[in-house]
Amino acid sequence: MLYLALLIGIVLIVITEKLTKAFKLSSIGGLIGQICTSLVIIMVGKLEVSHINLGNHFELGYLTIPFTLLFLVGFTNVMNIEKGQNLSILLLPFVSLVYFSIAAFFIGHSFVLITGICSSLTLMFILLYGYFAGKVFVGRTLTTSIGFIIAVLSVSLIETSIVTIYIPLFTLALPFTLYYFIKDKFTSVQSITISFLTAILFGVLMYIVPFNTIWYFIVGLTSILVITQFSRKYCFI
């Protein structure tokens, strides 16, 4: 059922983005559409974060749906691109999806593994086709759809291991934030390359750094990302 809910969600994301663009609606319209799409995942796909294990088992209770909703909408917008970008920008979510697939393989989560592999292959196809055809497909509809898939994968793994929140934060949110910081100082290709290598590096660290240390990274980066949301330039929520 979760596969069907994900497919419905992607279709709703595309329809919402197209309607927002066609009728020149404000960002609020797009946000409402994303909330409705997230509710489809929660209600139809039965996907939610009902508890968090931080050494102690914390039940979220009545906060389950609001927390899951905030999480889904937040990461759906992690690639907040308003205008067409260099096709190479898709390398960043590609890295994140690969690490999701690796984590799911070790954890034994079939949904995340299958979805992660299929999404990675789809992005690779778009990259290769775009490179050889000389066309750019990157726009808000595509990046929002990718962000939505990554948000669903994140929620799917977070109850199994809260440490997996490291993946979207350090292999996608951090590289994108870095990209926006340096894109005015370097060429587009150079900025993407630096961010791409950063995503790979932090993804590798997840497998060699103790989980207790990783928590310091997670808390620190989350604080930084919250602060950046007060700036329209770096805002992705």
Side-chain angles (χ1 to χ4, degrees), residues 1-10 13 37-38 40-42 44-55 57 60 64 67-79 90-127 142-176 196 198-215 217-218 221-222:
M1 202 65 179
L2 187 52
Y3 289 102
L4 176 61
L6 178 61
L7 179 60
I8 294 173
I10 294 174
I13 286 288
T37 302
S38 298
V40 169
I41 288 293
I42 295 172
V44 179
K46 306 299 181 183
L47 181 64
E48 59 184 31
V49 182
S50 60
H51 67 271
I52 298 178
N53 192 352
L54 299 174
H57 189 85
L60 293 176
T64 294
F67 180 85
T68 306
L69 194 60
L70 178 63
F71 200 94
L72 287 170
V73 174
F75 278 108
T76 295
N77 289 282
V78 73
M79 300 198 309
L90 294 181
L91 287 171
L92 302 184
F94 174 77
V95 171
S96 187
L97 288 167
V98 168
Y99 280 121
F100 267 116
S101 301
I102 295 173
F105 175 78
F106 287 111
I107 293 174
H109 200 298
S110 59
F111 169 76
V112 176
L113 178 61
I114 294 172
T115 305
I117 291 175
C118 291
S119 300
S120 299
L121 292 175
T122 301
L123 280 187
M124 181 57 66
F125 172 78
I126 294 174
L127 282 164
L142 176 60
T143 55
T144 302
S145 299
I146 296 171
F148 176 69
I149 293 173
I150 289 176
V152 173
L153 298 185
S154 300
V155 173
S156 298
L157 285 183
I158 196 172
E159 276 198 330
T160 304
S161 175
I162 186 65
V163 177
T164 56
I165 196 177
Y166 177 97
I167 299 176
L169 284 175
F170 282 85
T171 66
L172 190 59
L174 175 62
F176 258 100
F196 173 67
T198 299
I200 294 176
L201 172 62
F202 277 99
V204 171
L205 288 177
M206 181 177 65
Y207 296 98
I208 61 177
V209 175
F211 283 172
N212 290 339
T213 304
I214 284 180
W215 265 116
F217 284 125
I218 293 175
L221 178 62
T222 301

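Below, all heavy atoms of this structure are taken into account, side chains as well, without hydrogens, waters or symmetry copies.
In plain terms, the two heavy atoms of E48 and T64 that are nearest each other are CD-CG2, 3.6 Å. Minimum heavy-atom separation, T164 to I107: CG2-CD1, 3.9 Å. Contact between G116 and S120 at its shortest, heavy atoms only, is O-OG, 2.7 Å. Residues S154 and F100 come closest through the heavy atom pair OG-CZ, 3.2 Å.
Residues satisfying the side-chain hydrogen bond (donor to acceptor under 3.5 Å, both in side chains) criterion with T171, sequence neighbours excluded, are S96. Under the rule for a side chain to side chain contact (heavy atoms under 4.5 Å, CB included), the partners of L113 that lie at least two apart in sequence or sit in another chain are S101, A104, F105, I117.
By the 4.5 Å heavy-atom criterion applied to side chains, L121 and F125 are not counted as neighbours. Put simply, the side chain of L174 does not reach to within 4.5 Å of the side chain of L169, judged on heavy atoms. The closest side-chain heavy-atom distance from I149 to P93 is not below 4.5 Å. Residues L47 and T68 are not in side-chain contact: their nearest non-hydrogen atoms beyond the backbone lie 4.5 Å or more apart. At least one side-chain heavy atom of L153 sits less than 4.5 Å from a side-chain heavy atom of L97. Looking at heavy atoms from C-beta onward, V98 lies in side-chain contact with F94 at the 4.5 angstrom threshold. Annotation: side chain of T198 is not in contact with side chain of F170 (no heavy-atom distance under 4.5 Å).
The CD1 atom of I42 sits 11.0 Å away from atom OG1 of T37, with the distance rounded to the nearest 0.5 Å. The CD1 atom of I41 sits 11.5 Å away from atom CG of L69, with the distance rounded to the nearest 0.5 Å. Atom CG of L91 sits about 5.0 Å away from atom CZ of F196, to the nearest 0.5 Å. Here F106 contributes atom CZ and Y207 contributes atom OH; the two are 6.5 Å apart, rounded to the nearest 0.5 Å. Here OG1 of T143 is found 9.0 Å from CG of N77. Values are rounded to the nearest 0.5 Å. Going from atom OG of S119 over to atom CG of L6 covers 7.5 Å, rounded to the nearest 0.5 Å.
Y3 contributes no side-chain N or O that, together with a main-chain N or O of T115, makes up a donor-acceptor pair within less than 3.5 Å.
Checking L92, I146, V95 one by one against L123, the side-chain contact (heavy atoms from CB on, under 4.5 Å) holds for a single residue, I146.
The aromatic rings of F75 and F71 are tilted relative to each other, their planes meeting at an angle between 30° and 60°.
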Applying side chain to side chain contact (heavy atoms under 4.5 Å, CB included) to I150 and V78, what does each step give before you reach the verdict? CA-CA 9 Å; I150 289 176; V78 73; 5.6 Å; no
